[in-house]
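In what follows, chains are A, B, ... by sequence order, proteins preceding strands, each numbered from 1.
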There are 4 protein chains.
Amino acid sequence: MEDLMRLQAYLRDYAAERDWDQFHSPKNLVMALSVEASELVECFQWLTEEESRNLSDEQLSAVGDEIADIQIYLVRLADKLGVNIPDAVAQKTKKNEAKYPAEKVRGSSKKYTEY
Amino acid sequence: MEDLMRLQAYLRDYAAERDWDQFHSPKNLVMALSVEASELVECFQWLTEEESRNLSDEQLSAVGDEIADIQIYLVRLADKLGVNIPDAVAQKTKKNEAKYPAEKVRGSSKKYTEY
Amino acid sequence: MEDLMRLQAYLRDYAAERDWDQFHSPKNLVMALSVEASELVECFQWLTEEESRNLSDEQLSAVGDEIADIQIYLVRLADKLGVNIPDAVAQKTKKNEAKYPAEKVRGSSKKYTEY
Amino acid sequence: MEDLMRLQAYLRDYAAERDWDQFHSPKNLVMALSVEASELVECFQWLTEEESRNLSDEQLSAVGDEIADIQIYLVRLADKLGVNIPDAVAQKTKKNEAKYPAEKVRGSSKKYTEY
């Protein structure tokens with residue numbers, strides 16, 4: 001399952017076998033994706049930043065499951081919308097490089113801390 | 001940029017060149033990831049499900065950028081935590097198959113509509 | 001508990017009795033608030049808009065609990081920040097009225113559909 | 001605007017004057033509410049916990065606007081669903097007290113740090 005395309009194909013079959021395509025409108029998938037992102041936030045909400053860098057094995061396993069869920073819904077959504085994730089990432093990183101040139105960003109204030 | 005590992009390496013360099021590692025605690029990255037997920041929700045909040053299946057080119061371009069941002073932060077977070085995304089996905093899909101067996105799910109109520 | 005000020009006082013005592021002030025930094029409370037908002041989203045993610053207008057008693061009870069959780073964390077956060085919610089709402093509604101004048105909005109496209 | 005009932009009535013008129021009721025299904029309002037919660041998260045994502053306790057006037061003003069937006073959508077949603085917020089809060093706080101008795105919580109681990 002190393003490849004996003006293979007995951008995409010897997011998820012198509014998975015939904016088809018369960019008759020779930022009917023629920024998978026982009027609007028609904030986006031909601032589900034945001035819920036998974038919040039389940040990840042829940043793992044970290046009462047931790048200090050330092051604690052968040054030093055998770056126990058149990059915490060890390062739970063966090064890994066949430067990361068997987070986000071990746072799964074992201075691939076499923078992109079498939080439904082016809083978005084190619086690597087292409088979208090290539091375009092966005094190019095925009096980001098233009099928006100936040102390294103030589104201007106270094107030492108600047110926090111509000112520029114974005115990808 | 002087709003490969004998650006290449007994206008991971010790119011994002012490491014990108015952060016290092018901007019001196020941003022100091023801000024990238026897992027706690028902070030998780031917050032940023034959830035914010036990106038909500039920017040995606042914002043694109044869809046007033047659309048009907050039907051409209052969400054038929055985005056204009058302009059809408060699709062904006063949505064593609066948000067999908068890219070989520071992928072970017074997800075890879076960055078996984079890198080900081082030492083989580084291998086393909087492995088995490090493989091483990092999670094196995095759990096999901098056990099939890100939602102296709103033969104039991106077909107025709108069942110909506111509450112089981114999860115990956 | 002009809003009044004936000006009474007709720008605020010109640011939540012102060014509640015946290016003090018449990019020794020939870022140490023966890024209630026604004027950053028953490030904001031994360032908790034967003035998690036509660038997503039638990040509300042989870043109640044609606046697979047429903048059609050029509051179904052969302054016709055919840056069962058059981059669904060409505062679950063939704064009521066999530067609405068309460070959001071109100072609770074919002075009051076707790078505002079207290080920690082020294083924000084007076086009614087004042088903040090009064091200022092924001094004034095801004096919104098200037099931004100979205102009724103006579104200009106009627107019949108306009110969806111993108112203006114905001115408070 | 002000190003009272004939730006007055007805010008509710010105001011928001012009804014506000015939506016009616018703009019012909020926005022058509023967009024305000026509970027499903028859509030929940031999405032909008034979660035987006036506002038994330039805009040609040042965005043204000044805090046790169047701050048340390050300590051910094052989050054010491055906002056500048058400018059930061060506090062932006063945060064106040066987001067708190068107001070959340071309160072506004074929460075009241076609007078509750079109105080559409082027929083949920084009485086003070087009643088819902090009263091019920092939920094009673095449940096929480098039973099779930100997290102003060103005498104058991106004091107000194108316990110972080111995972112119980114919830115309202």
Side-chain angles (χ1 to χ4, degrees), chain A residues 1-2 4 7 10-11 14 17-20 23 25-28 30-34 37-38 40-41 43-44 47-49 52-53 55 60 63-65 67-74 76-78 80-81 83 85-86 88-93 95-96 100 102 105-107 110 113-115, chain B residues 1-2 4 7 10-11 14 17-20 23 25-28 30-34 37-38 40-41 43-44 47-49 52-53 55 60 63-65 67-74 76-78 80-83 85-86 88-93 95 100 102 105-107 110 113-115:
Chain A
M1 190 99 26
E2 266 185 61
L4 297 180
L7 177 56
Y10 168 84
L11 295 174
Y14 186 92
E17 287 167 7
R18 284 157 187 77
D19 203 15
W20 282 353
F23 304 123
S25 66
K27 183 180 177 94
N28 289 1
V30 157
M31 294 175 81
L33 176 61
S34 78
S38 275
L40 191 57
V41 173
C43 299
F44 289 94
L47 302 185
T48 64
E49 285 186 70
S52 83
R53 290 190 191 93
L55 301 183
L60 201 55
V63 163
D65 274 3
I67 287 175
D69 281 334
I70 295 169
Q71 186 65 73
I72 286 167
Y73 274 115
L74 194 66
R76 181 69 178 151
L77 173 69
K80 283 291 184 181
L81 290 169
V83 168
I85 292 180
V89 168
Q91 285 182 34
K92 191 53 168 47
T93 52
K95 284 189 201 177
N96 289 348
Y100 304 111
V105 167
R106 286 191 72 88
K110 289 193 171 189
T113 311
E114 307 280 346
Y115 274 110
Chain B
M1 191 97 28
E2 268 185 61
L4 296 180
L7 177 55
Y10 168 83
L11 296 174
Y14 186 92
E17 288 166 6
R18 283 156 187 77
D19 202 14
W20 281 354
F23 304 122
S25 67
K27 184 179 177 96
N28 288 1
V30 157
M31 294 175 81
L33 175 62
S34 78
S38 275
L40 190 58
V41 173
C43 299
F44 289 94
L47 302 185
T48 64
E49 285 185 70
S52 83
R53 289 190 191 93
L55 301 183
L60 202 55
V63 163
D65 274 3
I67 288 174
D69 281 334
I70 295 169
Q71 186 65 72
I72 285 168
Y73 274 115
L74 194 66
R76 181 70 177 150
L77 173 70
K80 283 291 184 180
L81 290 170
V83 168
I85 292 180
V89 168
Q91 284 181 34
K92 192 52 169 46
T93 52
K95 283 189 202 177
Y100 304 112
V105 167
R106 287 190 72 86
K110 290 193 168 188
T113 311
E114 309 278 346
Y115 275 111

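- To the nearest 0.5 Å, the span separating CG on Leu4(B) from CG on Leu4(A) amounts to 5.0 Å.
- Heavy-atom distances place the side chain of Lys95(B), and not its backbone, under 4.5 Å from chain A.
- The distance from atom NZ of Lys27(B) to atom OG1 of Thr48(A), rounded to the nearest 0.5 Å, is 7.5 Å.
- Applying the side chain to side chain contact (heavy atoms under 4.5 Å, CB included) criterion to Gln91(A), with sequence neighbours excluded, gives no partner residue.
- Rounding to the nearest 0.5 Å gives a distance of 4.5 Å between CG of Leu33(B) and CD1 of Ile70(A).
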task = Assess whether side chain to side chain contact (heavy atoms under 4.5 Å, CB included) is satisfied between Leu77(A) and Leu40(B), documenting all intermediate values.
result = CA-CA 11 Å; Leu77(A) 173 69; Leu40(B) 190 58; 3.6 Å; yes

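- Between Tyr14(B) and Asn96(A), the closest side-chain pair of non-hydrogen atoms falls below 4.5 Å.
- Note: Leu74(A) leads Leu74(A), Val83(A), Leu81(A) in heavy-atom pairs under 4.5 Å with chain B.
- Both the backbone and the side chain of Ser34(B) come within contact range of chain A, judged by heavy atoms closer than 4.5 Å.
- For a residue to count as touching a neighbouring chain, one of its non-hydrogen atoms must lie under 4.5 Å from one of that chain's; by this rule Ile67(A) touches chain B with backbone and side chain alike.
- Proximity to chain A is limited to the side chain of Ile85(B), based on heavy atoms less than 4.5 angstrom apart.
- With chain B as the partner, the residue from Ala88(A), Pro26(A), Cys43(A), Ala78(A) showing the most heavy-atom pairs under 4.5 Å is Pro26(A).
- Applying the side-chain hydrogen bond (donor to acceptor under 3.5 Å, both in side chains) criterion to Glu49(A), with sequence neighbours excluded, gives Ser25(B), Asn28(B).
- Looking only at heavy-atom pairs under 4.5 Å with chain B, the residue among Ser52(A), Ala37(A), Ser38(A) that has the most is Ser52(A).
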